[in-house]
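These notes are about the structure you will find just below.
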Amino acid sequence: MPGAIFRPFRHSEAERSDRSAGDRLRHREKVRESIRDNIADIVAEESIIGKSRDKIIKVPIRGVREYRFVYGDNAPGVGQGEGETQPGDVVGKGQKEGPGQGDKAGDRPGQDFYETDVTLEELIETMFEDLELPDLERRAMRKIPAERMAKRKGYRQVGIRIRLDKRRTARERVRRILATRRHAGLTRPEETSAADAKRKPFHTEDLTYRHVVTDVRNESNAVVMCIMDTSGSMDTMKKYLARSYFFLLYQFIATKYRSVELVFIAHHTEAREVTEDEFFHKAESGGTFISSGYQKALDILSERYHPSLWNIYVFHCSDGDNFDSDNPAALRTARQLADVANLFGYGEIKPLGSRYYESSMLNLFRRLDADNFQTVVIERKEDIWPSFRAFLSKDRAKVADSAATPA
Amino acid sequence: MPDYSITDLERWDEIIREKADSFGLDVYPQEFEICDHNDMLGYMAYSGMPSHYPHWSYGKSFEKLKTMYDYGVSGLPYEMVINSNPALAYLMRDNTLCLQILTIAHVYGHNDFFKNNFNFKQTRAEFTISTFKAHAHRVRSYIEDPSIGYERVENILDAAHALSLEMRRNRAIRKLSQDEERQRLFESSQPRPDPFHKIHRRPEYQPPDLRRVPAAPEEDLLLFIRDYNPYLADWERDLLTIVHEEACYFLPQIETKIMNEGWASYWHREILNSLELPSDLHLEFLVRHNQVVRPHPGGLNPYHIGLKVWDEIKRLHDDPTPEEKREGGSGGSGYDALFATRSADRDVSFLRRYLSEKLMRELDLFQYEQRNDDYVVTKVADKDAWRDVKETLLKSIGTGTIPVIKITDADFGGNRTLYMVHEHDGRDLLLEYAERTLQHLHRLWGREVALESFVNGKKTILTYNDQGFAAKPAR
């Protein structure tokens with residue numbers, strides 16, 4: 001019988017063959033899809049507020065399992081002990097893995113469950129992929145130049161040295177040489193004289209430079225006003241929910257619109273314009289005049305952001321516990337805001353159970369029947385993401401009937 | 001870089017092959033390819049095939065293997081052999097000379113097993129590589145076809161993969177055609193010739209339902225769907241065929257994992273012991289060998305169990321205890337018994353016949369069950385319970401881990417519902433998985449699918465239709 005054939009290792013071949021690249025790419029896509037599908041859970045689970053964007057979050061991946069008919073938990077298994085194993089010994093824990101780490105004859109489906117690390121940045125990107133500020137009109141007469149970016153645009157024969165395209169230049173040279181030769185009736189390079197072959201300098205007309213233009217894209221002016229109730233009745237839980245909500249909003253705006261301006265207003269009985277940091281981290285107390293927040297927003301708008309020039313988005317979070325005497329004023333200012341804003345959202349934070357005995361602004365705001373006014377109720381962490389989507393989805397009607405709570 | 005050349009390997013290969021011949025191993029021509037860890041990961045992800053159709057599950061498998069390798073959770077195998085003629089094996093470039101020698105000997109063990117074990121007879125080893133290549137080519141052509149595209153191919157492959165192992169277990173038995181099944185059904189329903197029919201009461205004649213499809217319960221789910229769902233396009237049928245054929249190829253390896261690894265370990269040990277290696281190589285061999293065949297506490301190492309049982313078979317014939325002699329004259333030499341067993345058995349029969357009470361106790365095999373969050377030992381191989389432990393073991397190896405599901409009616413209730421029965425053996429299906437698998441099945445069948453099973457002791461029908469999944473107690 002002939003001896004075996006040995007095929008030696010060839011380095012070049014190994015470098016070339018990354019056969020699983022396509023399948024890995026598709027698998028990663030599926031992982032991303034899975035993250036997107038589970039985002040409501042992730043947002044609810046993780047306290048992502050104020051965390052650095054580099055923070056790594058563990059995300060359990062469920063979408064990429066390969067399903068088959070398999071046996072469930074009541075199927076016993078057989079393992080090997082180290083001697084003296086007695087009935088009643090505990091040999092393993094949890095549903096995720098079988099006992100021990102050895103090769104198991106059976107393949108528990110639980111092993112298909114694994115976690116992946118994503119940074120908050122990636123997560124936010126994935127989350128906001130299909131969201132946009134709704135009803136963004138080109139209201140502006142004056143536009144903000146949105147992105148100044150250098151963009152490649154073709155090639156030129158003149159340029160600065162750093163933009164010299166060496167490959168194209170070399171190609172131009174070869175092309176020129178061949179063309180000259182063909183013109184002279186010579187078709188094969190070998191036929192030229194040895195002296196010519198030695199020296200083939202670059203000519204100025206060979207030099208090719210990349211041409212770069214500055215890309216200015218105009219974007220409509222937009223301002224987002226975040227108004228939050230920071231009164232005493234907003235307890236830790238409520239503030240946490242409100243802040244999570246605004247945090248998402250803020251991250252969304254920061255990711256998507258570079259030139260959008262943000263205004264933060266915190267109010268109790270009085271309203272103040274605050275910085276982003278104060279808005280997310282500072283606690284206050286006192287009674288509640290919702291109208292004060294709205295009035296402040298109106299003041300700022302008339303001062304700095306005229307509605308004829310700016311797209312205006314107003315979001316307000318409160319627990320709805322307003323002083324009765326302030327209600328008429330709140331309704332009036334809300335109506336004014338709805339008139340000038342593209343979208344005016346009111347989120348009422350009602351931790352589970354408190355919805356039925358605490359006072360609510362929802363009844364009051366029902367009288368405000370403007371198309372661009374929306375209310376949502378947030379009862380628990382899990383509501384944040386759906387209601388957020390309801391505000392911002394491109395296709396708002398579709399999400400609204402599944403996610404927004406009846407107001 | 002290793003301190004040996006290809007010429008060294010060829011020299012050692014010649015010596016090993018001579019030894020293997022003298023021991024009576026009967027092998028296909030052998031080819032070795034030296035590869036690095038990246039290639040090896042790639043081959044592992046694609047079941048060793050040089051050419052394989054694309055699917056994201058292989059990308060997933062690659063990522064998983066690579067992660068585990070990068071973090072040192074698991075190493076890489078020293079080799080990988082595929083069942084083909086000539087047999088193709090991959091050797092890791094970074095192995096030491098001793099490991100390569102061990103591995104080459106090990107590979108010949110697998111090679112002999114592939115060639116001679118009856119389970120592999122239907123795999124047509126001479127066509128393995130070209131078949132997989134043709135499959136890859138066909139799948140790619142569907143992906144590139146603008147009227148089909150990646151997504152639709154992936155959808156069918158996803159569904160087909162979910163069902164690929166639901167097939168007839170013993171491929172060596174010829175499958176009857178529907179007409180033959182019908183003929184058999186008809187004949188078996190005929191009254192037997194009775195010489196005393198004059199005095200016996202005539203038995204009541206029950207005409208068989210010959211219009212029923214399938215005529216007999218059908219285990220090849222993918223093939224049945226391929227043949228009986230008239231709405232599938234040709235390329236969809238072809239994808240189902242491809243996935244089915246690959247599953248057929250791998251089924252024997254699932255069925256003989258313990259035997260096969262034990263057999264290869266047995267022969268690499270025999271061959272290397274007979275080589276009279278220089279002492280440094282021999283010492284390294286002993287260390288490596290023991291790493292490979294050591295028991296894995298809590299799990300089952302097929303190398304370990306397999307080798308133990310092969311040793312036991314040899315001992316039983318060459319050196320039986322007086323008691324064993326009395327019980328049955330085994331006859332024949334130990335080697336004859338080994339070769340006969342390697343041809344005729346699969347894991348289940350192999351362990352059923354040769355895993356004795358004594359051996360089970362020596363291996364300290366136990367049965368565990370899940371209690372709340374823990375896995376608790378419920379039975380050990382003592383006098384009372386060893387048979388139970390053995391039965392459980394036989395159910396959890398080979399195809400015992402795959403629930404037996406048969407199609408009994410393709411037109412249930414007269415509305416083309418696909419009705420299947422799970423042959424429940426005390427182990428429930430994992431419902432979450434069953435639901436998603438039925439979803440795949442529903443997509444392939446195009447109409448409602450129903451699976452009869454037992455859930456917590458109650459007969460239950462799991463259905464999947466356009467409204468989604470439902471589990472109803474059976475009437």
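Scope of the values below: all heavy atoms of this structure, side chains included, with no hydrogens, waters or symmetry mates. Chain naming here is simple, since letters A, B, ... match the order of the sequence lines and numbering starts at 1 in each.
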Pick whichever of [options] has the most heavy-atom pairs under 4.5 Å with chain A.
| options | result |
| --- | --- |
| B:Ser57, B:Ala45, B:Gly42 | B:Ser57 |
| B:Leu163, B:Ile305, B:Ile405 | B:Ile405 |
| B:Asp158, B:Ile6, B:Val377 | B:Val377 |
| B:Lys390, B:His440, B:His304, B:Glu14 | B:His304 |
| B:Glu369, B:Glu31, B:Glu10 | B:Glu31 |
| B:Ala381, B:Ala385, B:Pro50 | B:Pro50 |

Test log, rule side-chain contact (heavy atoms from CB on, under 4.5 Å), inputs B:Glu432 and A:Tyr67 = CA-CA 9 Å; B:Glu432 188 199 346; A:Tyr67 292 95; 3.8 Å; yes
Which bit of [X] is near chain A, if near means a heavy-atom gap under 4.5 Å: side chain, backbone, both or neither?
| X | answer |
| --- | --- |
| B:Leu165 | both |
| B:Glu154 | side chain |
| B:Val455 | neither |
| B:Ile104 | side chain |
| B:Ser164 | both |
| B:Gln439 | neither |
| B:Thr7 | neither |

Nearest non-hydrogen partners of [X] and [Y], listed with the distance:
| X | Y | result |
| --- | --- | --- |
| B:Tyr108 | A:Ala4 | OH-CB, 3.5 Å |
| A:Pro87 | B:Thr378 | CB-O, 3.8 Å |
| B:Val389 | A:Val78 | O-CG2, 3.7 Å |
| B:Asp364 | A:Glu82 | OD2-N, 3.5 Å |
| A:Asn74 | B:Gly426 | ND2-O, 3.5 Å |

State, yes or no, whether a side-chain contact exists between [X] and [Y] at a heavy-atom distance under 4.5 Å.
| X | Y | value |
| --- | --- | --- |
| B:Tyr150 | A:Arg26 | yes |
| B:Lys60 | A:Glu66 | yes |
| B:Asp425 | A:Tyr71 | yes |
| B:Tyr43 | A:Arg19 | yes |
| A:Arg68 | B:Pro403 | no |
| B:Phe366 | A:Asp89 | no |

Spacing of [X] atom [atom1] and [Y] atom [atom2] [to the nearest 0.5 Å]:
| X | Y | atom1 | atom2 | value |
| --- | --- | --- | --- | --- |
| A:Arg7 | B:Leu88 | CZ | CG | 6.0 Å |
| B:Asp36 | A:Phe9 | CG | CZ | 3.5 Å |
| B:Glu63 | A:Asp23 | CD | CG | 10.5 Å |
| B:Gln100 | A:Phe6 | CD | CZ | 8.0 Å |
| B:Leu462 | A:Phe69 | CG | CZ | 8.0 Å |

Give the member of A:Glu29, A:Arg28, A:Arg24 that has the highest number of heavy-atom pairs under 4.5 Å with chain B.
-> A:Arg24
Using non-hydrogen atoms and a 4.5 Å limit, figure out which bit of A:Gln86 sits close to chain B: side chain, backbone, both or neither.
-> backbone
Report the C-alpha separation of A:Gln80 and B:His296 in whole Å, then their side-chain angles, then the decisive distance to 0.1 Å, and conclude whether the side-chain contact (heavy atoms from CB on, under 4.5 Å) test is met.
-> CA-CA 7 Å; A:Gln80 192 179 1; B:His296 292 170; 5.9 Å; no
Under the side-chain contact (heavy atoms from CB on, under 4.5 Å) criterion, do B:Tyr368 and A:Val90 qualify, and how do the steps go?
-> CA-CA 9 Å; B:Tyr368 61 82; A:Val90 174; over 6 Å; no
